[in-house]
Amino acid sequence: MRYDFNTIERKWQDYWAKNQTFKAENHSDKPKYYVLDMFPYPSGAGLHVGHPLGYIASDIYARYKRHQGFNVLHPQGYDSFGLPAEQYAIQTGQHPAITTEENIKTYRRQLDQIGFSFDWSREVRTSDPKYYKWTQWIFIQLFNSWYNNDANKAEDISELVKIFEAEGNANVNAASDDAIEIFTAEDWNSFSSEKQQEILLQYRLTYLAETEVNWCPALGTVLANDEIVNGVSERGGHPVIRKKMTQWSMRISAYAERLLQGLETIDWTDSLKESQRNWIGKSVGASVIFPVIPTERSGEESHEISVFTTRPDTIFGVSFMTLAPEHELVSLITTPEQKAEVDAYVEATAKRSERDRMADVKTITGAFTGAYAEHPFTKEPIPIWIGDYVLAGYGTGAVMSVPCGDQRDYDFAKHFNIPIPNIFEGVDISEEAFADKDNTVIANSDFLNGLNYKKATKKIIEELEKLGLGEGKTNYRLRDAVFSRQRYWGEPFPVYYVNGMPQMIDAQYLPITLPEVEKYLPTETGEPPLGNATVWAWDTKNNKVVSNDLVTEAPEVTGENQVASSTSATTDNGIYPLELNTMPGWAGSSQYFNRYMDPHNEDEIFSQEAINYWQQVDLYIGGSEHATGHLLYSRFWQKFMFDKGLVPYDEFAKKLINQGMILGTSAFVRRLDGVYFEDDKGVMKGAYNVSSNIYLSEGRVSNQAFLKELLLNLKEENPKITNEKVFDNLDKNYKICLRKGIHADVSFVNASDELDIEAFKNWQPEFKDAEFICEEDGTFKVSREVEKMSKSKYNVVNPDNICEQYGADSLRLYEMFLGPLEQYKPWNTAGITGVHSFLKKLWKLYNDDNGLKVNDEEPSKDSLKTLHKTIKKVQEDIENFSFNTSVSTFMIAVNELTAQKCISKEILEPLLILISPYAPHIAEELWSQLGHQESIAMAPFPQFDEKHLVESSKNYPISFNGKMRFTMELPLDMGKDDIEKAVLANEKTQEQLQGRTPKKVIVVPGKIVNIVG
RNA sequence: GCUGAAGUGGUGGAAUUGGUAGACACGUUGGACUUAAAAUCCAAUGGCCAUUAUGGCCGUGCGGGUUCAAGUCCCGCCUUCAGUACCA
């Protein structure tokens, strides 16, 4: 009987689907275990072999846990809102929902053919209204909450209103906007409803505020900090500028400390935790207030500059202040004499994109405002400068500049000839600043003299507090996250506006589904795509979405005085415009892991019963690229839900593993369209275009004599083929080099790097008339390079082809065999024959030409030993997520059992359970051949028994001065002295010693003997 | 610059607390079977030297150190990858 993997795999995939083998129940006597993958965005390109890596690993773990007797939850779904479907819609007019549906079908087919043990009955899709109803619901919960810093948790906004009504806001310690006016209870009660709403908005966990955002003009939307890489958009690489806009934000900053502390309680990789720590960016120091000295012109209006510093101990070293050019005080304090210069500078910096600013951090620029601040202690006037090395977005956007202690301040001071007073004892600051706080002794600093960093910091904070000009403060880099996007294909906000103030739609009327639009582009007036919708207003009387035409024009709110417009007399009919923005990509992925626990619940986000049963994710596997996005936002929402009493744990994933990327092996065809020269030191000597359509096989490229001759021949045929200088260089005997080459589709290339020339010629018109210079054996070879797998590099390997040619079990085994899960490693299809022939050998262990050959024969001692060492190793490997080594272990086991001619069921039956998590199809098939009616999926994992591994003797390595020379078989129960005697008596030992007496003999029983001579 | 991870044959990688470096595969070479190919099987395969088998020397990025013994531990470098970056 042949190993017909295609038939077998289809058969068992159908069986699992039909019998719902992997459906998880929310009630069980078994202990629970939750294994989760990061759900995919269903892109149009489908899966390549790199995508399933993490899914295979988690599937092995899930299957293993089932064998261990756990009730396993292993769901899968789709993160199906997103940009590509929308951009496709803009180009073709096709509704993103249709594209998404098609892509999901492809994904599902591809996932199914790999044989994952997902419980598909729990599938979620973020773009499904039944799902995003709950995303909208959480948004409303966030809106209705504020963060109480005293209680250190989120509380209902009604609690805050109660406090305001009773005592105003003077004693409220909340995470909120910095600049909220202080009011009394009487004030509050006398405020208009609008005013009250405006104030509350500044406390809510999601709030509408004018903030400086990252605006990407090319994408027509704002982006979050984590969506920008190197100053350009993560998607598409478009420039990003800073712009003030009114946007929804999430007050994640309220959770900064808890997000930091929580990292200590979870088993995530160190690098990932470190990324999150950096992103949160905690720094401890002090805030200090520097009063601005009034000038004649500014009159009595007083200003103060608040700064944050981690080195308050250096305050006597301050010789100037620097404000970010965008700082609001700049225009208020600049003197008339300096106005022109300052304005010019502010304008110049505003024009520079984030990227330009990052590209040239070396150039020092700035301007003097003409104003001075007063030093809190010396009362000396300190000049106030502006400079773009101070960032508006960090701290207060202003710094106290201590040039002797900070290199940037130092450079700025040097550049503008500002004094650099030294406040450190015994330190030379003539060349650079002294920033080593651990070796600091403060000098020239009044009451701080002689103190070290720690003592001086403590002392200065006390003094600042006495003066009321500062206090100890902890600052976080973490900014509130912008939550609105000017896009179509995302969750609509459950929000409408009355007099410009946002109102939540009552949760019972959710979901608010995406409206139909004609065009997916922004409107002509620059509104988001939802501005094109004609049925997009909220009828508060009938609680439904109605046509925009019905909206009564509301009076404009302008500042403090409401100026009634001419049409404002119209009676309010209770129909208001809905929010035009949609939610960002991370909205839907920030709570999906909990929804899987109870995915079809229409009354609640999940039942308390379900969440209390599954609790949290036990194992989460996914890519490290989500370190500061999804994985931070999800932790934030989970902590919020924990505060609201909705979830039992404030961390959603106990353990997290990042799988590495599988890289592609690109194939390059060398075209003689340009040459460059290198001298013998590898220095480039000149590069020139060559107008030829000649393609060179890789072996030819390295043949210098051949290349030279080829170029000379070309010259003869057509002197104008290239620059004359090429031939000058040829005479100088420089090394002739060709460009890297052009990507050829890897499907045209076989395992020996030979190109299918015909296929390549027919691929693109430009290759039609190409001339190929092959190797001497007539083949044409490509050069290879490892790169990220991508369509544009033509190095994508499709798992469909692999499954068809070798089977899903081979694919699964090979992906694991490639190397450690977390590591980046190149894909090489040729290597799959190794695991494929292993599966064939495995099959042959059970079957010969006449069918099943397994019987009830007593197993040999050797076979029992093979089995039990395999059980031990595989179990350890799975628990350590070392899947690559267990594939080797299987190979060794099958090789040994084949050599032992083992046909004993007592061995071969448990072996199948060991292999089943890795290669479930073949395991099921052989399991059923052995007579089982039930799936192997729940068969108990074999018990390891030490007794089969007990040895009576050990093949001791005998080394001389640490070098192993020969081995000696000795009984394991032999004592140290006897071993020494036996070894010394051996003639080979005498041979090695050549008559010398050993100085020392080290005997480690059971391990090694080392003779020092 | 800072933070994190890594560097082992031609290639992917293995080596659990320091104890036989290169498991298991790929590739390559030779052989068997075959008209031939595929498939399968057998043998060899870190480098160098020697050879009649037995052998010898060198080898885990580089330079030191600890130890009877170092891929593994310590010190100092180099390189690569990833993240982050004027964070006050």
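Lettering of chains follows the sequences in order, A, B, ..., and the numbering in each one begins at 1.
Searching all strands for a Watson-Crick or G-U wobble partner of B:U67 with both distances below 3.5 Å returns nothing. Base pairing of B:U52 is not made with any nucleotide, judged by Watson-Crick or G-U wobble geometry with both donor-acceptor distances under 3.5 Å. Pair assignment for B:A43 gives B:U29, based on Watson-Crick or G-U wobble hydrogen-bonding distances that are each under 3.5 Å. Across the strands present, B:U17 finds no partner; the criterion is a Watson-Crick or G-U wobble pair with both atom distances under 3.5 angstrom. B:A5: Watson-Crick or G-U partner is B:U80, with both key distances under 3.5 Å. Using Watson-Crick or G-U wobble geometry with both donor-acceptor distances under 3.5 Å, B:G22 finds no partner in any strand shown. Within the shown strands, nothing qualifies as a pairing partner of B:C86 under the Watson-Crick or G-U definition with both distances less than 3.5 Å. Base pairing analysis places B:U72 opposite nothing; no Watson-Crick or G-U wobble pair with both distances below 3.5 Å involves it.
With B:A14, B:C68, B:U3 as the candidates, the nucleotide lying closest to the side chain of A:Glu274 is B:U3. Distances were taken from every side-chain heavy atom of A:Val1012 (C-beta onward) to each of B:U17, B:C68, B:A88; the shortest belongs to B:C68. For A:Lys1007, whose side chain is taken as the heavy atoms from C-beta onward, the closest listed nucleotide among B:G19, B:G83, B:U3 is B:G19. For A:Ile1008, counting side-chain heavy atoms from C-beta on, the closest listed nucleotide (B:U20, B:G12, B:C87) is B:U20. Considering only the side chain of A:Ile1002, B:G19 comes nearest among B:A88, B:C86, B:G19. When distances are taken from the side chain of A:Lys840 to each of B:C86, B:A69, B:U40, the shortest belongs to B:U40. Here B:G13 is the nucleotide among B:G19, B:G13, B:C57 with the atom lying nearest to any side-chain atom of A:Gln823. Which of B:C87, B:G4, B:G19 sits closest to the side chain of A:Ser271 comes down to B:G4.
Although no hydrogens or angles enter the test, the distance criterion places no donor-acceptor pair under 3.5 Å between the side chain of A:Tyr476 and the main chain of A:Ser283. In terms of modelled atom types and a separation under 3.5 Å, the side chain of A:Ser959 and the main chain of A:Val1009 share a donor-acceptor contact. A donor-acceptor pair is defined here as one N or O able to donate and one able to accept, closer than 3.5 Å; such a pair exists between the side chain of A:Tyr345 and the backbone of A:Asp388.
The phosphate of B:G83 (OP1 or OP2) has no side-chain N or O of A:Ser624 nearer than 4.0 angstrom. Phosphate contact (OP1/OP2 of B:A85, side-chain N/O of A:Arg477, threshold under 4.0 Å): present. Distances shown here put a side-chain N or O of A:Arg408 below 4.0 Å from the OP1 or OP2 atom of B:C87. Taking side-chain N and O atoms only, A:Tyr824 has no distance below 4.0 Å to OP1 or OP2 of B:C81.
A:Lys976 places its NZ atom 14 Å from the P atom of B:C68, with the value rounded to the nearest Å. One can place NZ of A:Lys825 at 19 Å from P of B:C81, the figure rounded to the nearest angstrom. If you take NZ of A:Lys963 and P of B:U67, they are 18 Å apart, rounded to a whole angstrom. Whole-Å rounding puts the A:Asp877 CG to B:A14 P distance at 11 Å. The interatomic distance linking A:Leu323 (CG) with B:A88 (C1') rounds to 13 Å, in whole Å. For the pair A:Ile386 CD1 and B:C86 C1', the interatomic distance rounds to 16 Å; values are reported in whole Å. Rounded to whole angstrom, the span from the CG atom of A:Leu260 across to the P atom of B:C87 amounts to 19 Å. Put simply, CH2 on A:Trp268 is 18 Å from P on B:A5, counting in whole angstrom units.
The aromatic rings of A:Phe838 and A:Phe890 sit parallel, their planes meeting at an angle under 30°, below the 60° perpendicular limit. A:Phe290 and A:His375 have perpendicular rings, their planes meeting at more than 60° on a 0 to 90° scale where under 30° would count as parallel.
Comparing A:Gly281 and A:Thr967, the nucleotide of RNA chain B nearest to each residue sits closer to the 5' end for A:Thr967. Between A:Tyr956 and A:Tyr394, the residue anchored closer to the 5' end of RNA chain B is A:Tyr956, taking for each the nucleotide with the nearest heavy atom.
B:G9: glycosidic angle within 90° of 0, hence syn.
Between the P atoms of B:C68 and B:U79, the separation comes to 35 Å (whole Å).
Contacts of A:Arg408 classified as side-chain contact (heavy atoms from CB on, under 4.5 Å), with partners at least two apart in sequence or in another chain: A:Tyr389, A:Asp406.
The residue A:Arg965 sits close only to the backbone: its heavy atoms come under 4.0 Å of sugar-phosphate atoms, none of a base. Within 4.0 Å of A:Asp270, counting heavy atoms only, lies no atom of the nucleic acid at all.
Looking at heavy atoms from C-beta onward, A:Lys976 lies in side-chain contact with A:Pro1005 at the 4.5 angstrom threshold. Considering only heavy atoms from C-beta on, A:Trp827 comes within 4.5 Å of A:Leu818 through its side chain.
Here the two rings, on A:Phe416 and A:Phe320, have centers that are 6.0 Å apart or farther.
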Practice task
Could you encode protein contacts along nucleotides 23-28 of chain B as a string, one character per nucleotide from 5' to 3', using B for base contact, S for sugar-phosphate-only contact and - for no contact, with a heavy-atom cut-off of under 4.0 Å?
Solution key: BBSS--
Practice task
Apply the test side-chain contact (heavy atoms from CB on, under 4.5 Å) to residues A:Ile266 and A:Arg635: give CA-CA distance (whole Å), side-chain angles for both, the deciding distance (0.1 Å), then the verdict.
Solution key: CA-CA 11 Å; A:Ile266 46 180; A:Arg635 292 184 58 224; 4.0 Å; yes
